[in-house]
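First up is the structure itself, then whatever we jot down about it.
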Amino acid sequence: MNRIIKVICLLLMLASCERHVDFPVVEHGRIHVDAIIGKEQQDRININVSQPASGSEATCAEDVTLQLEVDGQQVLLKRDAEYVPEYEGEISYLIPEKLHPGQNLKLTAQAENLPQVQAHTSVPELVENVDISSSLVQVYKNDLQGGQSENMRTLREFKISTADELDDEGFWGVQVRRRSVLDSVGTVPPQRWKVWESRHGVEQSEEFYVNFKSGADVSSVDVEMVVDFRGEQMRVMKSSKEEDRVAIMVYVQPHRERSLLEGNYVGNSILWEIHEKIEYYITLHRLSPEMYYCMRAQYIMKYAKPDESWGISSPAYLYTNIEGGLGQFGAMSTYKLGWFRVE
């Protein structure tokens, strides 16, 4: 039996052949653009030059000529000499004038011996008529949607909607913050108030519920995307339509208020009480399609990890709207709902 197996293996080896496949290798670097208009107080455009697969690129970001047009009019950019680069060789340009919702942007960059790059985006229109509602909902902890109560969890749902007429399908980012504050009834003695302030204070946090899918599910279905943005988490999604209104839903872990902390009474009369109250702050970002798809690609690259038992590495899912180059050129508009209480 062993002899037969050896003969078969030998025949297979003799019958096998090799095929040489030539992979295209880029012999030059590319201009890399990183710019999200509306992300910071003053808009900026970061430029760098990538290195080729073989050798090194003599051209650097200092050699790149950058041009920005806003609604067809060229805007003068200012080099930020105090910018601390995140990556070696990166330089940054400031946009002196404030850009406004509805403006169309065109970015062109070129350097000797490198392909010219071009990118387009538009600053999304602001939403004005925003309504928000909140309720406690029961959701499944995982995909095993059985009837067992232990497979359910309670979350607080915020539904943000607007009746504004929007000219696209709508891409959004939502950031939720929560804080615990002290409230009072009657006239609290100053010393008692100071005691509770020293014990309690004001705590701020972001509380997102995220049910991460595993493996290839991330790249094959629309899931809740949560990305790091401005040092906090941001829920990124497409909007839906509900009775001619654009609706965005976001979920947070509910927090049980301690409510009454201390009180003083005479008979049935309340002299004073100290309560704990929970407040939320919601920031709504309207994203350009370019910004949304770049964030989605980054999210997929981070979480689309095949099972280790497969013996293969994660697929590289890339998206860029920089024609001839790399990176992202997008825009956003921000609407702040401010602090509010859920009674």
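What you are looking at is a predicted structure, and each value in this text was computed from that prediction instead of being measured.
In this structure, R156 has no salt bridge (Lys or Arg N to Asp or Glu O under 4.0 Å) partners at least two apart in sequence or on a different chain. Evaluation of the ring pair (Phe, Tyr, Trp, His ring centres under 6.0 Å) rule for Y281 yields W339 as partners, not counting sequence neighbours. Under the rule for a side-chain hydrogen bond (donor to acceptor under 3.5 Å, both in side chains), H120 has no partner lying at least two apart in sequence or in another chain. Considering only residues two or more places apart in sequence or on other chains, S135 meets the side chain to side chain contact (heavy atoms under 4.5 Å, CB included) condition with V137, E157. Looking at residues two or more places apart in sequence or on another chain, you find a side chain to side chain contact (heavy atoms under 4.5 Å, CB included) between T65 and Q110. Applying the side-chain hydrogen bond (donor to acceptor under 3.5 Å, both in side chains) rule to Q74 yields no partners; only residues at least two apart in sequence or on another chain are considered. For R192, the salt bridge (Lys or Arg N to Asp or Glu O under 4.0 Å) criterion is met by E262, not counting sequence neighbours. Qualifying ring pair (Phe, Tyr, Trp, His ring centres under 6.0 Å) partners for H32, counting only residues two or more places apart in sequence or in other chains: none. In terms of the side-chain hydrogen bond (donor to acceptor under 3.5 Å, both in side chains) criterion, residue partners of E290 (sequence neighbours excluded) are, by chain and number, T121, S288. Applying the side-chain hydrogen bond (donor to acceptor under 3.5 Å, both in side chains) criterion to D183, with sequence neighbours excluded, gives R341.
The shortest side-chain heavy-atom distance between W272 and S184 does not fall under the 4.5 Å cut-off. Under the 4.5 Å side-chain criterion, counting only non-hydrogen atoms from C-beta, F229 is not in contact with V236. Proximity of M234 to M295: side-chain heavy atoms (C-beta onward) are separated by under 4.5 Å at one or more points. Residues F158 and V342 have side chains in contact (heavy-atom distance under 4.5 Å, counting atoms from C-beta outward). Taking the side chain as every heavy atom from C-beta outward, I47 and V33 approach each other to under 4.5 Å. Here the side chains of L77 and I95 are in contact, with some heavy-atom distance below 4.5 Å.
Residue P124 comes nearest to L287 through the heavy atom pair CG-C, 3.8 Å, listed as atom of the first residue, atom of the second, then distance. Minimum heavy-atom separation, A61 to V49: N-CG2, 3.7 Å. Here the closest heavy-atom approach between residue R178 and residue I278 is recorded as CG-CG2, 3.6 Å. Smallest separation of non-hydrogen atoms from T334 and L126: O-CD2, 3.4 Å. Across all their heavy atoms, I274 and W196 have their closest contact at CD1-CD1, 3.4 Å. In plain terms, the two heavy atoms of M332 and H285 that are nearest each other are CE-ND1, 3.0 Å.
Legend: ring-ring contact (aromatic ring centres under 6.0 Å, His included) pairs involving residues 81-101, not counting sequence neighbours: none detected. The list of salt bridge (Lys or Arg N to Asp or Glu O under 4.0 Å) pairs with a residue in residues 77-97, not counting sequence neighbours, reads R44-D80, E62-R79.
Note: the hydrophobic cluster containing I37 does not contain L76 (ILVMFWY, side chain heavy atoms under 4.5 Å, direct or indirect links). Residues L99 and L94 fall into different hydrophobic clusters, defined by Ile, Leu, Val, Met, Phe, Trp and Tyr side chains chained together at heavy-atom separations under 4.5 Å. L114 and L326 sit in two unconnected hydrophobic clusters of ILVMFWY residues. Membership requires side-chain heavy atoms under 4.5 Å apart, directly or through other members.
A side-chain N or O of Y265 and one of E273 form a donor-acceptor pair less than 3.5 Å apart.
We find the CD-CG distance between Q67 and L107 to be 9.0 Å, quoted to the nearest 0.5 Å. Distance CD1/I132 to NZ/K159: 11.5 Å, rounded to 0.5 Å. Within the model, atoms CH2 of W172 and OG1 of T162 stand 6.5 Å from one another, a figure rounded to the nearest 0.5 Å. Here K336 contributes atom NZ and T283 contributes atom OG1; the two are 6.0 Å apart, rounded to the nearest 0.5 Å. Rounded to the nearest 0.5 Å, atoms CG (L105) and CG (D71) are 7.5 Å apart. Note that CG of L68 is 9.5 Å distant from CG of D43, once rounded to the nearest 0.5 Å.
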Show, in sequence, the C-alpha distance, side-chain angles and deciding distance for Y280 and L337, and conclude whether the side-chain contact (heavy atoms from CB on, under 4.5 Å) test is met. CA-CA 9 Å; Y280 293 92; L337 279 71; over 6 Å; no
- Query: Is there a side-chain contact (heavy atoms from CB on, under 4.5 Å) between M237 and V174 once you walk through the steps?
  - Reply: CA-CA 8 Å; M237 73 205 83; V174 182; 3.7 Å; yes
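Within 6.0 Å of atom CD in Q73, 12 or fewer heavy atoms from other residues, nucleotides or ligands are found, so the atom counts as exposed in its surroundings.
Side chain of T320 to backbone of G327: a donor-acceptor contact under 3.5 angstrom is found. For the pair R286 (side chain) and E125 (backbone), a donor-acceptor distance under 3.5 Å is present. Side chain of N104 to backbone of S122: no donor-acceptor contact under 3.5 angstrom is found. In terms of modelled atom types and a separation under 3.5 Å, the side chain of N321 and the main chain of A119 share no donor-acceptor contact.
Using a 30° and 60° split on the angle between ring planes, Y293 and Y319 fall in the tilted class, from 30° to 60°.
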